[in-house]
Visitor: 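Next up is a structure, given as structure tokens.
Order of appearance sets the numbers: ligands from 1, and atoms from 1 within every ligand. Worth saying up front: this structure is predicted, and the values here are computed from it rather than measured.
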Amino acid sequence: MKMPERIDLANLPTKIEKMDRLSKELDKNIWIKRDDQTGMEVSGNKVRKLQYAVKEALDGGCDHLITCGGIQSNHARATAAVAAKLGMGCTLVLRGEEKEDREGNLFLETLLGAHVEYITAEEYAESRGGIMESIRQELGKEGKKAYILPEGASNGIGSFGYLDAYHEIVEQEKEMGIHFDAIVLTVGSGGTFTGLFVGNRLDEKNRDVVGINISASADHFRNVIAEIVEDMKNYAEIPFSVNPQDVYIIDGYQGLGYAISQDEELQFIKRLARLEGIILDSVYTGKAMYGLVEEIKKGNLDKYENILFIHTGGIFGWTREVRGRV
Ligand SMILES: *Cc1c(COP(=O)(O)O)cnc(C)c1O
């Protein structure tokens with residue numbers, strides 16, 4: 001299959017490390033792919049998707065990026081960094097209220113020169129697409145050509161970033177002389193999962209790709225993923241459609257919902273930090289890895305010998321509020 005073109009923005013390939021002490025504790029081989037180290041300003045999973053989406057923007061002659069997300073969106077921060085690097089303008093439409101005290105990702109975004117528009121949760125749910133479109137038109141009147149990226153860059157073009165990552169994992173398996181029976185990752189807006197899922201299907205389902213959703217429901221994401229695959233077909237020849245029933249997502253670890261942490265999740269993150277020297281984030285990877293460990297303990301993943309967890313990043317999301325609880 002011929003891939004669409006990309007630009008280089010990330011430090012690749014990212015390392016795969018064995019989590020020795022956790023593996024010993026659970027009597028299961030657990031590995032971690034350090035996509036939290038794709039960069040510093042652009043760290044995390046979103047930059048892989050931006051490598052494809054922003055290439056499309058540049059090819060279309062665009063000079064401005066517009067995207068959206070939660071107030072601590074890692075995707076918004078990575079987009080702001082990429083825009084600055086490429087000399088493009090950047091407008092971020094974020095769900096939340098403007099406050100004096102800008103923290104974490106929000107602080108970095110303004111430092112990187114992005115313009116932030118704050119909208120309510122209701123506006124975000126119902127009309128963020130329209131809001132971004134009207135910003136695009138306003139910019140057009142100023143002679144600017146803006147490109148709109150959806151939430152998480154989880155559309156067809158963005159998801160090629162993780163089809164790429166799948167190929168990278170296969171190369172690393174060869175070098176390491178190991179086979180991962182399962183790749184486990186967080187599902188937030190679905191693009192990361194979709195890229196890996198498509199990679200695995202094209203690789204004759206060499207393993208299971210297992211998602212753990214951190215908001216909404218598994219069923220919601222099964223449909224989202226099938227739709228993203230259809231969108232990928234606008235860019236490359238993908239010889240299958242996805243039946244949502246065939247998408248493996250483990251439900252039940254979204255806890256209290258998006259970006260709301262339960263104490264057991266935070267305590268798990270703290271314990272893992274001390275066990276492995278690895279910092280997870282509280283919104284995405286902390287919940288997903290907590291879920292993975294719980295599922296192993298329950299015996300639900302007994303058929304897998306070697307499990308690869310993708311660390312998708314998120315370190316800047318440790319806001320004062322969550323920090324105060326660990
Ligand atoms: C966005 C994000 C995810 C989820 O990835 P999707 O492609 O949106 O499903 C996981 N982890 C972190 C740290 C993220 O920022």
Visitor: Using a 4.0 Å cutoff against the non-hydrogen atoms of S154, which atoms of ligand 1 qualify?
Guide: 7 (O), 8 (O)
Visitor: I'd like to know whether CD of E321 has more than 12 heavy-atom contacts from other residues, nucleotides or ligands below 6.0 angstrom.
Guide: no
Visitor: Tell me which one of G152, S189, G313 gets a heavy atom nearest to atom 8 (O) of ligand 1.
Guide: S189
Visitor: Go through ligand 1 atom by atom and flag the ones less than 4.0 Å from a non-hydrogen atom of G314.
Guide: 13 (C)
Visitor: Under 4.0 Å from a heavy atom of K49: give me the atoms of ligand 1 that qualify, with their elements.
Guide: 6 (P), 7 (O), 8 (O)
Visitor: Please check if any side-chain donor atom of K46 sits under 3.5 Å from a side-chain acceptor atom of S73, or the reverse.
Guide: no
Visitor: State if G44 counts as touching ligand 1 under the rule of any non-hydrogen atom under 4.0 Å.
Guide: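 The answer is no: ligand 1 sits nowhere under 4.0 Å from a heavy atom of G44.
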Visitor: Is the number of heavy atoms from other residues, nucleotides or ligands under 6.0 Å of Q137 CD greater than 12?
Guide: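 Enclosed: over 12 neighbouring heavy atoms sit under 6.0 Å from CD of Q137.
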Visitor: Does atom CD of E5 have more than 12 heavy-atom neighbours, drawn from other residues, nucleotides or ligands, at distances under 6.0 Å?
Guide: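 Count not over threshold, so no.
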Visitor: Using a strict cut-off of less than 4.0 Å between a Lys/Arg side-chain nitrogen and an Asp/Glu carboxylate oxygen, indicate whether E41 and K85 qualify as a salt bridge.
Guide: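 Salt bridge absent between E41 and K85.
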Visitor: For ligand 1, which is the ligand I care about here, please tell me if D281 has any N or O atom under 3.5 Å from one of the ligand's N or O atoms.
Guide: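 N/O-N/O distance below 3.5 Å does not exist for this pair.
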Visitor: Using a strict cut-off of less than 4.0 Å between a Lys/Arg side-chain nitrogen and an Asp/Glu carboxylate oxygen, indicate whether K24 and D20 qualify as a salt bridge.
Guide: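 Salt bridge flag = no for D20 with K24.
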Visitor: Parallel, tilted or perpendicular for Y52 and F160, by the 30°/60° rule?
Guide: tilted
Visitor: Tell me, please, whether F240 has K205 positioned over its six-membered ring: NZ or CZ under 6.0 Å from the ring centre and within 45 degrees of its axis?
Guide: no
Visitor: Are any of the N or O atoms of G188 closer than 3.5 Å to those of ligand 1?
Guide: yes
Visitor: Drop me the distance from D35's CG to T285's OG1, to the nearest 0.5 angstrom.
Guide: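 These two atoms lie 11.5 Å from each other.
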Visitor: Applying a heavy-atom cut-off of 4.0 Å, say which part of S73 lies close to ligand 1: side chain, backbone, both or neither.
Guide: neither
Visitor: Under 4.0 Å, heavy-atom basis, I'd like to know which part of N45 is in contact with ligand 1: side chain, backbone, both or neither.
Guide: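 N45 to ligand 1: side-chain contact only, backbone stays beyond 4.0 Å.
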Visitor: Heavy atoms only, cut-off 4.0 Å: how does K46 contact ligand 1, side chain, backbone, both, or neither?
Guide: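 For K46, only side-chain atoms sit under 4.0 Å from ligand 1.
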Visitor: Please work out, at 4.0 Å between heavy atoms, whether the side chain, the backbone, both, or neither of T312 comes within that distance of ligand 1.
Guide: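 Contact part for T312 vs ligand 1: both backbone and side chain.
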Visitor: Taking both backbone and side-chain atoms of V187, is any N or O found less than 3.5 Å from an N or O belonging to ligand 1?
Guide: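 It does not: no N or O of V187 is found under 3.5 Å from an N or O of ligand 1.
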Visitor: Heavy-atom contacts with T192 under 4.0 Å: which atoms of ligand 1 show up? List them by number with element.
Guide: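 Answer, ordered by atom number: 5 (O), 6 (P), 7 (O).
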Visitor: Applying a strict under-4.5 Å side-chain criterion to I, L, V, M, F, W and Y, I'd like to know whether M1 and V209 cluster together.
Guide: yes
Visitor: Work out whether the distance between some heavy atom of E151 and some atom of ligand 1 is less than 4.0 Å.
Guide: no
Visitor: What atoms in ligand 1 come closer than 4.0 Å to a heavy atom of N74?
Guide: 13 (C), 14 (C), 15 (O)
